[in-house]
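Below is one structure, written out as C-alpha cells; comments come after it.
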Amino acid sequence: MKLECTGVKAVIGAPGAELEEHKAMLRGLSAGLTINVGPVAVSLDGRDNGFDWWVANPGNGPLALWSVAVVARLVDAREPIRMFRHGYQSWSPAGTAVLGVDTDPSRAANLPFVQGVYHADGRQTPDGELRSEWCTVLADDTRGEFVLGFIAGTEHDGTFRLRQDPEGKPELVLEAYLGGAVLSAGEERRLHGVSWVTGEPGTASEHLAAWAAAVGRAGKARVQAPFQVGWCSWYHFFDKVNEGDLRRNLSAASTGDWPFDVFQLDDGYQAAIGDWRDTNDKFPSSLDVLAAEILSEGRQPGLWLAPFLAAPDSEVVRANPGWVARFVGRDPGNGDAVDTPLRSWWNPSWGGGDEGFMYSLDTTHPDVLEHLECLARDIVEAGFTYLKLDFTFAAAVEGRWHDPSRTPAQRVRAGFEAIRRGAGEKAFLLGCGVPLANVVGLVDANRIGPDVAPLWAPDEADAIIAGYLDVEPATRSALAATVARSFMHRQLWLNDPDCIMLRTSETDLSPNAARTWGHCIGVSGGLALVSDDLALLGHDARDQLDEIIALGRESDAAAHRGRPPTCPDLMDHPIPTTLRNDYLELHVDPATATSTLDSR
Ligand code: 9PG
C-alpha cells in the first residue's frame with residue numbers, strides 16, 4: 001500500500017454563507033511547492049514520510065477559511081480497507097471501521113448541534129466516508145498498515161477522511177480544519193505537519209505510541225505528575241450530591257484507611273453553571289471550608305467545573321452579556337435574521353432559564369480570558385488544587401466569536417492557557433469533554449473515553465441519538481476507549497479512563513464485568529478513581545482496589561519509561577479486546593464482560 005498525493009483542496013466561505021470548495025491538481029510531493037487553490041495559496045514541503053505546509057491569503061480582503069487538505073490515492077491497497085477512527089474529544093468513540101461497510105455516525109444522526117460536540121467539523125460527512133481525527137491507521141487485506149498523525153493540534157484540528165473516489169478507488173483526505181477562521185489580506189499561517197509510518201515492524205498501536213511520544217516531546221507535554229489514586233462524587237451521587245455525602249465519605253475514607261490522594265467533588269455543588277465560586281443550598285459551607293476539611297483529612301481537594309459553559313440565568317452571564325459567543329444566522333422556520341447567544345450544550349437538570357440550553361463563554365475576548373484566569377486563581381486559593389475541567393469542547397462550537405481570526409482549536413487552547421495561568425504551575429488540571437489535540441502541554445491528565453456507568457453495554461433500543469450510541473454512559477464503551485487510547489498514557493498527558501466501579505449493590509454490573517473494568521484500568525496505568533459511596537464497600541471491594549492500584553503503579557512506571565500499554569488487536573475488531581503492557585496481557589470478551597489476565 002502506497003500514498004500518492006494527487007490534489008489540494010480548500011474550503012472557504014463567509015460565516016452563514018454557502019461554503020465554496022476549490023481544488024488543484026498535485027503530482028506528488030516535493031520540497032518547496034506553492035499551489036493556488038481558488039483564492040488561497042498552499043505551500044507544501046514534502047519530506048520522507050510526511051510533509052510540512054502553509055496556507056496564505058494573497059488577496060486584498062479578509063477570507064474565512066474552513067479547511068485546507070491534501071488528497072492522496074491509496075495505491076496497491078487490497079480491499080477491504082480498515083480505518084482506526086480516533087475521536088475528536090474525550091467522549092468521542094475510538095475504534096476500527098471498514099470502508100464500504102461502516103458509516104460515520106453523522107449519517108444516522110444528521111444533527112449538526114450534536115455532531116459539533118463529538119467532531120471538529122460538525123457537518124454531516126458525505127455518504128460512504130469514514131473519518132478519524134488527529135491520528136489514524138489504515139490497514140488493508142495484505143496486513144499492510146499506514147499510521148498517520150498531525151504533529152500537533154494547538155493551532156487547528158486535523159481530520160483524515162477515507163472514501164472511494166468517483167472510480168471506486170480508495171482515497172484519503174488529510175485535512176487541516178480551521179473552522180472558518182478569518183485570514184487577513186496577505187496573511188500566511190503555518191499548518192501542523194503530517195507524518196506517517198509504513199512497513200516497519202511493530203503493531204499499529206506501538207506506532208501510535210511512537211507518534212504520541214513525538215507529539216508530546218514537541219508539545220512539552222506535562223507527564224511528570226505522580227500516579228493518581230482518588231475518590232470522585234459523580235458515579236454514585238450524581239448531581240444530587242450534598243455536603244453530608246461528601247463529609248461522610250471523607251470520614252469513611254479515614255476510618256477505613258482508604259488510599260486516596262485526591263478527594264474530588266463533582267457536578268452538583270455549584271450555585272449555577274458559570275458561577276463556580278458559590279455553592280448551592282445543598283452545600284451550606286463555602287468552597288474554602290470544604291477544601292480545608294478535605295485537606296485536614298490528608299487528601300488533595302479536587303473540584304469539577306465546566307469553565308467555558310454558562311447558564312443563561314447565571315450571575316456571570318447576567319453581569320456580562322457581552323462575554324457570550326453568538327449564533328448569527330437565519331431562523332429555519334421563517335427565514336428571519338437572528339443574532340442570539342450560542343447554545344452549545346443542553347442539560348435540563350442544570351436549569352438555566354432557556355429550556356436547559358447552556359451558552360459558551362467567548363474565549364477570544366480578553367475580558368473572558370481574564371475572568372477564567374481569576375476564577376482558576378480563586379478556586380486554587382480556596383484550596384482546590386486538582387481541577388476537573390469539563391465540557392471544554394464548548395469553546396470550539398461554531399458561531400460568531402469576538403475575534404474571528406481564531407480557529408476552534410485556538411479558542412479551546414486560549415481558555416486552557418488562561419486557566420493554567422491562574423491555577424499556577426503546581427495545580428493538577430484534568431481535561432474532560434476536551435478536544436484532546438488542543439491541550440497538550442497545558443493539562444496533566446485527560447479523560448480519554450465516555451462516561452462509565454453501573455451497567456455494561458448501552459441498550460440499542462434506548463439510543464438517545466442515532467449513530468452515537470457509543471458516547472452514552474456504559475462500562476463497555478469506556479473500556480473500548482481505554483484499550484484503544486492506552487498508547488497515549490504519559491506520552492501526551494496521564495490517561496483518565498474514568499472511575500472504577502466497586503459496589504455490588506445499586507448497580508447492574510455483574511461482579512465479572514466490574515472486575516474486567518478494574519483490571520483494564522489497572523493494566524492501562526491511568527488514574528485510579530473510586531466513585532462509590534464508601535458505605536457500600538466491604539473487604540472484597542478494598543482488595544480489588546488494592547489489586548488495581550498495584551497493577552496501575554507497575555504499568556504507569558513502564559509508561560513513565562516510555563513504554564505505555566498498547567492494544568495488539570486495535571485493527572482487528574470494532575471493539576478492541578486486548579490490552580498489553582510490559583508485564584501483563586488482558587483479554588476481554590465484550591459480549592460476556594469476562595476477561596483473563598495473563599503474565600507475558
Ligand atoms: C457531570 C459529568 C461528570 C462526568 C463527565 C460529564 O455526551 N453526553 O451527553 C455526556 C453527558 C455528561 C457527561 C458526559 C457526556 O458527563 O464526563 O464524569 O463529571 O459530566 O455532569
Side-chain angles (χ1 to χ4, degrees), residues 87-94 105-106 109 111 113-119 122 228 230-241 245-246 262-270 272-274 276 280 282 302-311 343-352 356-358 384 386-394 396-397 429-436 443 445-455 458 462-475 477-478 481-482 485 495-501 517 521 526-527 529-532:
Y88 167 63
Q89 55 114 319
S90 303
W91 309 323
S92 311
S106 65
L111 286 170
F113 175 83
V114 171
Q115 290 149 207
V117 169
Y118 299 110
H119 308 279
Q228 302 285 315
W231 184 86
C232 159
S233 63
W234 183 249
Y235 296 93
H236 178 89
F237 296 103
F238 298 98
D239 58 338
K240 305 288 180 296
V241 66
D245 300 328
L246 182 73
V262 178
F263 225 75
Q264 185 243 313
L265 179 56
D266 213 281
D267 183 4
Y269 71 88
Q270 69 279 359
I273 296 296
W276 309 107
N280 59 37
K282 295 187 283 119
L303 194 69
W304 174 92
L305 50 166
F308 308 155
L309 280 183
R343 292 165 149 187
S344 54
W345 184 249
W346 182 72
N347 182 349
S349 73
W350 285 340
F357 284 102
M358 298 291 132
F384 289 96
Y386 172 112
L387 304 182
K388 176 175 174 184
L389 304 167
D390 206 351
F391 294 91
T392 48
F393 65 82
V397 172
L429 301 184
L430 164 63
C432 189
V434 61
L436 295 167
V443 297
N446 271 333
R447 258 286 288 289
I448 46 79
D451 287 21
V452 71
L455 56 88
D462 303 341
I464 300 168
I465 295 141
Y468 289 89
L469 187 70
D470 296 341
V471 307
E472 289 176 24
T475 304
S477 305
T482 302
R485 285 179 168 149
N495 277 6
D496 172 11
D498 209 7
C499 297
I500 305 166
M501 300 266 104
W517 173 234
I521 293 172
L527 274 53
L529 306 173
V530 171
S531 192
D532 297 293

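First listed ligand is number 1; within each ligand, the first listed atom is number 1.
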Check: Does ligand 1 have a heavy atom under 4.0 Å from the side chain of Arg447, from its backbone, from both, or from neither?
Finding: side chain
Item checked: Polar contact flag for Asp390 and ligand 1 (N/O pairs, less than 3.5 Å) -> yes
Margin query: For Trp345, which part has a heavy atom under 4.0 Å from ligand 1: side chain, backbone, both, or neither?
Written below: side chain
Note to self: Checking side-chain polar atoms at under 3.5 Å, does Asp498 have a donor or acceptor matched by the opposite partner on Tyr235?
What the structure shows: yes
Next item on the list: Give the contacting part of Val117 toward ligand 1: side chain, backbone, both or neither, where contact means a heavy-atom distance below 4.0 Å.
Entry: neither
Next item on the list: Test side chain to side chain contact (heavy atoms under 4.5 Å, CB included) on Phe391 and Met358 and set out the steps.
Entry: CA-CA 11 Å; Phe391 294 91; Met358 298 291 132; over 6 Å; no
Next item on the list: Would you kindly specify which portion of Cys432 sits under 4.0 Å from ligand 1, judged on non-hydrogen atoms: side chain, backbone, both or neither?
Entry: side chain
Check: Is the shortest heavy-atom distance from the side chain of Trp517 to the side chain of Pro497 under 4.5 Å?
Finding: yes
Checklist line | Check: Asp498 N/O within less than 3.5 Å of ligand 1 N/O | finding: no
Checklist line | Trp234-ligand 1 polar pair, N/O distance under 3.5 Å | finding: no
Next item on the list: Answer side chain, backbone, both or neither: which part of Tyr118 comes under 4.0 Å from ligand 1, heavy atoms only.
Entry: side chain
Notebook entry, point to check: Between Trp234 and Asp239, does a side chain to side chain contact (heavy atoms under 4.5 Å, CB included) hold up when you go through it step by step?
Noted result: CA-CA 7 Å; Trp234 183 249; Asp239 58 338; 4.1 Å; yes
